[in-house]
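Quick notes on the structure that follows.
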There are 2 protein chains.
Amino acid sequence: MNQSTVISIESIRVACRYCTLSSLCLPMGLTPEDVERLDDIVKRARPLHRGDVLFREGERFRSLYVVKTGSLKTFAPSCEGGEQVLSFHLPGEIMGLDAIDKGEHACSASALETSAICEIPFARLEELTALIPSLQHQMYRLLSKEIGQDTDMLLLLGKKNAEERLAAFLLSFSQRLHKRGLSATDFHLSMSRHEIGNYLGLAVETVSRLFTRFQDDGLVRVERKHIELLDPQGLEEIIDGASPGRRQAPQRQQQT
Amino acid sequence: MNQSTVISIESIRVACRYCTLSSLCLPMGLTPEDVERLDDIVKRARPLHRGDVLFREGERFRSLYVVKTGSLKTFAPSCEGGEQVLSFHLPGEIMGLDAIDKGEHACSASALETSAICEIPFARLEELTALIPSLQHQMYRLLSKEIGQDTDMLLLLGKKNAEERLAAFLLSFSQRLHKRGLSATDFHLSMSRHEIGNYLGLAVETVSRLFTRFQDDGLVRVERKHIELLDPQGLEEIIDGASPGRRQAPQRQQQT
DNA sequence: CGTTTACTTGACGTTAATCAAGGGGAGTGG
DNA sequence: CCACTCCCCTTGATTAACGTCAAGTAAACG
């Protein structure tokens, strides 16, 4: 936690532009000067350390946040003091979209490790999107995408068993890292087993047992938080229904 | 299915305006002429009958849809031919927001009963929102709200047991009806037990047993699809953790 | 070096799914 | 209008998956 947190103003600026680009501008038609205008409203990052809270549930909503480096989780209070982990956020991913509606944050966000964040004041972004139609379109897409991701998660929690959930989590994580240019088969989990279980609706013990089982089955190599995917194909097969040597029959479940 | 489906062009038009208002314009600062312009792009409804498909997963995305009367469900294919019911839609509620991102529908929608729908061509809506800042803001809020609802559902599927899920479903349904001016304590469920179970991640049999139990406990009166909430307070208590005469200890679950 | 926290593993219990069977409406055809 | 059928719903018995409880090990931290 030395080099990575000590970053020059200039490098932050460049990185912010990168973040903004990746989340808002990826497949679109902004002119260079549009990007410049967008970049101008992005505030410089404030570095967070493990456990630091970026925003808390109930706080007034002012800005969206983009992860520059590191990772964060968002979570909401459940019944009886419990928490539900809602999502993990990797570099280039945006946070705070759920707060627009009520004007206050619906969940809290905290850093899983040392992280740098870009802040985008929403009021200014909104003004800008009104002026730049393609940026407005990107915002709609961004919000819509978030809905799609939540939908995937609903499907996971509603229909998948423990094994399928963890396999889906690992593959999804792998793919997100790969999208950012990192290794898809060799990575570090910045969250605890507890947080993974919470996110997937499973007990810590179940997550732990599954990691062991996956390793025994030659699907992954697990060493504490270091993960090596040995057989992504095999994980894929687990997700889509029948697990390797076991249940195979088509589930009846559902329909009218 | 006579009077309700035979609707004059004028009444549709008025109803569309109502729909548009309720979903897009509720707490906002549109001038009457803005509303007029918005209303002008809304296409007249096409009536659907039970089982009719409004849009199908994979279809090109062109329009958002607002329920005028009746009710619909959206669902996505799960693994092995199964389906996951993603949401139920009541009058005034909007569908299709998840399709903006990819430009094609991510889920399918079908009518649970005879229903009338308003269609809002998205391209035209987008043009309009670029011209009317307060409308743009409403769109952001609408999308954000959808995310918030999905989040609530994640919490339900991730942390709640069968009893809590059904109680939450009943109360949520009741509140949504109440918002539309209907009775909050006496209503008709347009979906089957199967669809409720699918939506809540439960087996049909479990849903059925819970309805029976809730009735035995004096919480509701159930007669086929007719529901009478006798003790909303009691349902509320079930949702927030401890069920009436049983488990009361604080769940340990979660946290880092 | 001692303490704490995270993770793992085993034994057991509980919840809800699955399997199986029977009742009751709603719609259909006679 | 009645009888039949189909589907939806309900109820009971059994089972499997996963949570819970308990204990022990290994890193991380001060």
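Just so we're on the same page: letters track the sequence lines, and every chain starts at 1.
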(request) Rounded to the nearest angstrom, tell me the gap between atom CD1 in B:Ile196 and atom P in D:dC8. (result) 13 Å
(request) Measure the shortest side-chain to side-chain distance between A:Pro232 and A:Leu171 over non-hydrogen atoms and say whether it is less than 4.5 angstrom. (result) yes
(message) Rounded to whole Å, how long is the line connecting atom CG of B:Leu210 with atom P of D:dT11?
(response) 12 Å
Can you name the atoms? Protein N/O to nucleotides 25-30 of chain D N/O, anything below 3.5 Å, with the distance.
none

(request) Nearest-nucleotide wise, let me know which of A:Arg165 and B:Phe211 is further upstream toward the 5' end of DNA chain D. (result) B:Phe211
(message) Using the side-chain heavy atoms of B:Arg193, tell me which of these nucleotides is nearest: D:dG19, D:dT10, C:dT8.
(response) D:dT10
(request) Give me the ring orientation class for A:His105 and A:Phe55: parallel if the planes are under 30° apart, tilted from 30 to 60°, perpendicular past 60°. (result) parallel
(request) Starting from P on C:dG27, measure out to NE2 on B:His49 and report it in whole angstrom. (result) 14 Å
(request) Look at the side chain of A:Arg213 and the base of C:dT8, then say whether one donor and one acceptor between them are separated by less than 3.5 Å. (result) no
(request) Take the protein atom NZ of B:Lys225 and the nucleotide atom P of D:dC7, then report the distance between them rounded to whole Å. (result) 14 Å
(message) On the nucleotide D:dT11, are OP1 or OP2 found under 4.0 Å from the side-chain N or O atoms that B:Thr212 carries?
(response) yes
(request) Return the nearest nucleotide to the side chain of B:Ser208; candidates are C:dT8, D:dT11, C:dA16. (result) D:dT11
(message) Closest approach to the side chain of A:Ala203, judged atom by atom: which nucleotide of D:dG19, C:dT8, C:dA17 is it?
(response) D:dG19
(request) Go through the steps to decide whether A:Leu229 and A:Leu235 satisfy the test side-chain contact (heavy atoms from CB on, under 4.5 Å), and finish with yes or no. (result) CA-CA 9 Å; A:Leu229 296 194; A:Leu235 289 172; 3.9 Å; yes
(request) Nearest whole angstrom, please: distance from the C1' of D:dC9 to the NE2 of B:His194. (result) 12 Å
(message) Check B:Glu223 with B:Arg221, please: is the shortest side-chain N to carboxylate O separation under 4.0 Å?
(response) yes
(message) With a 4.0 Å cut-off on N to O distance, would you call B:Arg165 and B:Glu163 a salt bridge?
(response) no
(message) I'd like to know if B:Arg176 and B:Glu93 make a salt bridge, using a cut-off of under 4.0 Å between side-chain N and carboxylate O.
(response) yes
(message) I want to check something: taking the side chain as every heavy atom from C-beta on, are B:Ser183 and B:His178 in contact at a cut-off of under 4.5 Å?
(response) no
(message) Is it the case that the base of C:dC19 and the side chain of B:Glu205 share a donor-acceptor contact (distance under 3.5 Å, atom types as modelled)?
(response) yes
(message) Given the structure, check if the side chain of A:Glu163 and the base of D:dC18 hold any donor-acceptor pair shorter than 3.5 Å.
(response) no
(request) Could you state the atom-to-atom distance from CZ of B:Arg209 to P of D:dT14 in whole Å? (result) 13 Å
(message) Please report the distance, rounded to the nearest Å, between NE2 in B:His188 and P in C:dG25.
(response) 15 Å
(request) Can you tell me the distance, in whole Å, between the CD atom of B:Glu113 and the C1' atom of C:dA26? (result) 16 Å
